[in-house]
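Report on one structure; see the data block that follows.
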Amino acid sequence: MDKAVKRFSSTASSWVGWGLPLIAVLMLITAGIGAFGTMSLYDSEAQVQHSNEIRSSLGQLLALARDAETGQRGFVITGRDEYLEPYSDAAPQIAREFDRLSSLLKGDVRQEQRLAKLRALMDRKHQELAKVIDMRRTQGFEAAQAIIMTDTGKAFMDQARATVAEMEDHVEKQLAARQANARRIRDLAVLSGLASGVLTLLVYASFGYVARRLLGDLAESARSLFDQKELLEVTLASIGDGVVATDIDGRVTFFNRVAQALSGWRGEEALGRPVGDILRLERTSDDSVAENPAITAMRERRSVDHSSGVVLVGQDGQRTHVDANGAPTFDPEDRLVGSVLVLHDVTERERAERQIRQRTEELARSNRDLEQFAYVASHDLQEPLRAVAGPLQLLQRRYQGQLDARADEFIGHAVDGATRMQTLIDDLLSYSRVGRLEDPKQAVPAEQALEFALKNLAVVIDETGAQIEHEALPVVQAISSQLALLFQNLIGNAIKFRSKERTPVIRVRAEPLGREWRFLVADNGIGISEQYFERIFVIFQRLHTRREYPGTGLGLALCKRIVEHHGGKIWVESTPGEGTTFYFTVPRAAAGERIATRSQ
């Protein structure tokens, strides 16, 4: 725009310097042919006016289409009906312009065909705008944006502009032909009278042509700049964050509605004032004043981010948690001209984070209380249970066979119940100890833990003839006693649920998996149906009666608790009648970690 203005000023000055005196002289010479020239000029001007009306109407059509599209875009971004006013106003005006053009182009077959094509394109563009608006109302911003991103509307507008360009080119050619005809008439008049008249008319025509071209460029640049400025202001005013722009002195030049709501300042009050006075930021840690990022960004000529620990103090003293981001702005010559500040309200996020922390603490406290309760309850049950179980066992040993069969049966049930209660309490104690104060995790040879588990299972292995196979096992980061208990429960489970048709074979191996080791314990037992894969890890859940398979229902729940306490996960794969494979992951031993050699 600046270049167009400079070019116009330079050329206009040159033409005025020598063109006007020459025109004055030539006008005196051409006075004799004034009447004939006036008639010719009048006819030429009428034709020029006709052409200008056509071009003006075509330009108005494109401007109305842009207004309608601007209204649609504003509505899509904001969802507010007031932005549809340009769109609603454009439709009847476009119809009037087409009627006007139909009258102006009547009799010009080629132009009438182009006008019909342009009308069809405008109708399709209007349908596309209406479709996007309807989509925004019914399905929301994302659906409407998806249609816009297809560039269908742009394609219609490109075709419309091309058609208008063809029509304008035709008008220009007609105008040029008419002007040439007028010049020929004037030339004939001058040849018959005064030759200087030709020079007068040529000077007028040239001066008008140059001025028209320069003014056209200037008007186009102004329209483009205005459209861009209007679009930018609409966009910045409609987004959900506060946006503030400053000049190089740090004074506010733009203050959108969200910034006004956050700060309590009206736009007209904020404009022209230092941004540090309008937007006061404080650190949440000590309530000290934090420098405004817009000022810091200009001083350091880089983007500045205050994304946490900052509150905005409003005009009324209200404090709002915000993310404040500032960035310097530069002109095309890379000169600093100001800064822009974006404020994002994070009050809800801060509240949600506090609630999450609160609930996490409450849950952790509840878990600790439950663990403490389970530990104390199971520990305190030991003594009364021994007081019951001891005499029952003595009664059974001393009087078995001396009373009738029914008495022996009752005593047997009582002893069996006391024994199962003792086992359940022991298992509960083991379950509650996982996660309590204990030995720290250290480098543990998994093979050593497996050997300790097999020693504890030696009797049942001998009784069942179970075959235990394992490959070389790695060193892992774990608690030695818990890893041994994990192996003991999984292998004991495999032996318990063995098939009666074949000798139990249990395989243990490990394979690397990123920063962990994945272990598997596979057997050829009775298997598990897929519907119970999750249930078996729940405390006290059993798939069989105690008469079929004894136990408390705590073994696999304890395994899951141990694995999760080590930061891993455990799962199962099984085919009923063929066997079961349990998988679990344990972290690799830390580099340089000393391997534990303490006995189990």
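Numbers here simply count residues along the sequence, with the first being 1.
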Indicate yes or no for a side-chain donor-acceptor contact from R588 to the backbone of G514 under 3.5 Å, with no hydrogens or angles considered. yes
Spacing of CD belonging to E53 relative to CG belonging to L104, to within rounding of 0.5 Å: 5.5 Å
Return the CG to CG distance between L343 and D323, rounded to the nearest 0.5 Å. 9.5 Å
Inter- and intrachain pairs under salt bridge (Lys or Arg N to Asp or Glu O under 4.0 Å), touching residues 265-285, at least two apart: R266-E268, R266-E269, R280-E282, E282-R319
First locate atom CD of E128, then atom CZ of R124, and finally report the distance between them rounded to the nearest 0.5 Å. 10.5 Å
Of all heavy-atom pairs between S57 and L101, which one has the smallest distance, and what is that distance? OG-CG, 3.2 Å
So, does T138 use its side chain to make a donor-acceptor pair with the main chain of D134 at under 3.5 Å? yes
Value rounded to 0.5 Å, distance of CD in E564 from OG1 in T585: 10.0 Å
Do V337 and T329 have side chains that get closer than 4.5 Å, going by heavy atoms? yes
Apply the test side chain to side chain contact (heavy atoms under 4.5 Å, CB included) to residues M122 and L62: give CA-CA distance (whole Å), side-chain angles for both, the deciding distance (0.1 Å), then the verdict. CA-CA 9 Å; M122 285 294 187; L62 291 180; 4.2 Å; yes
Is D247 salt-bridged to R251, cutoff N-O under 4.0 Å? no
Restricting to side-chain contact (heavy atoms from CB on, under 4.5 Å), what partner residues turn up for E142, sequence neighbours left out? Q145
Which is it for Q111 and R114 under the side-chain hydrogen bond (donor to acceptor under 3.5 Å, both in side chains) test, yes or no, and what are the steps along the way? CA-CA 5 Å; Q111 287 289 69; R114 294 188 182 106; 2.9 Å; yes
Partner residues of S51 under the side-chain hydrogen bond (donor to acceptor under 3.5 Å, both in side chains) criterion, sequence neighbours left out: R178
Restricting to non-hydrogen atoms, name the atom on N256 and the atom on V243 that form the minimum distance, rounded to 0.1 Å. OD1-N, 3.0 Å
Shortest non-hydrogen contact between R136 and I77, atoms and distance: NH2-O, 4.2 Å
Does T246 offer a backbone N or O that forms a donor-acceptor pair with the side chain of S339 under 3.5 Å? no
By ring pair (Phe, Tyr, Trp, His ring centres under 6.0 Å), which residues pair with F98, not counting sequence neighbours? none
Does this structure show an ion pair linking K173 with D169, if we count only N-O contacts that are shorter than 4.0 Å? yes
Contact check, side chains of Q60 and R100, non-hydrogen atoms, under 4.5 Å: no
Atom CD of residue position E300 - does it have more than 12 heavy atoms of other residues, nucleotides or ligands inside 6.0 Å? yes
May I ask you to decide if G107's main-chain N or O and E112's side chain share a donor-acceptor pair within less than 3.5 Å? yes
I278 side chain near V244 side chain, heavy-atom distance below 4.5 Å: no
List for me each residue that meets side-chain contact (heavy atoms from CB on, under 4.5 Å) alongside P328, sequence neighbours excluded, and say none if there are none. A297, F330, L336
For V275 against V252, the heavy-atom pair lying closest together: CA-CG2, 4.0 Å
Is it the case that over 12 heavy atoms from other parts of the model lie below 6.0 angstrom from the CZ atom of R110? no
Looking at every heavy atom in both A324 and L281, which two are closest together, and how far apart are they? CB-CD1, 4.1 Å
So do I94 and L61 actually touch side chain to side chain, heavy atoms under 4.5 Å? yes
With rounding to the nearest 0.5 Å, note down the distance linking CD in E166 to CD in Q113. 11.5 Å
What pair of heavy atoms forms the shortest contact from F75 to Y83, and how long is it? N-CB, 3.6 Å
Is it the case that more than 12 heavy atoms not belonging to E172 sit under 6.0 Å from its CD atom? yes
Is the backbone of P293 close enough, under 3.5 Å, to the side chain of N325 for a donor and an acceptor to pair up by distance? no
Side-chain donor or acceptor of N292 paired with backbone N/O of L279 under 3.5 Å: yes
Let me confirm one number: the NE2-CE distance from H170 to M167, rounded to the nearest 0.5 Å. 9.0 Å
Listing request: all salt bridge (Lys or Arg N to Asp or Glu O under 4.0 Å) pairs with a residue in residues 82-95, at least two apart in sequence or in separate chains. R80-E82
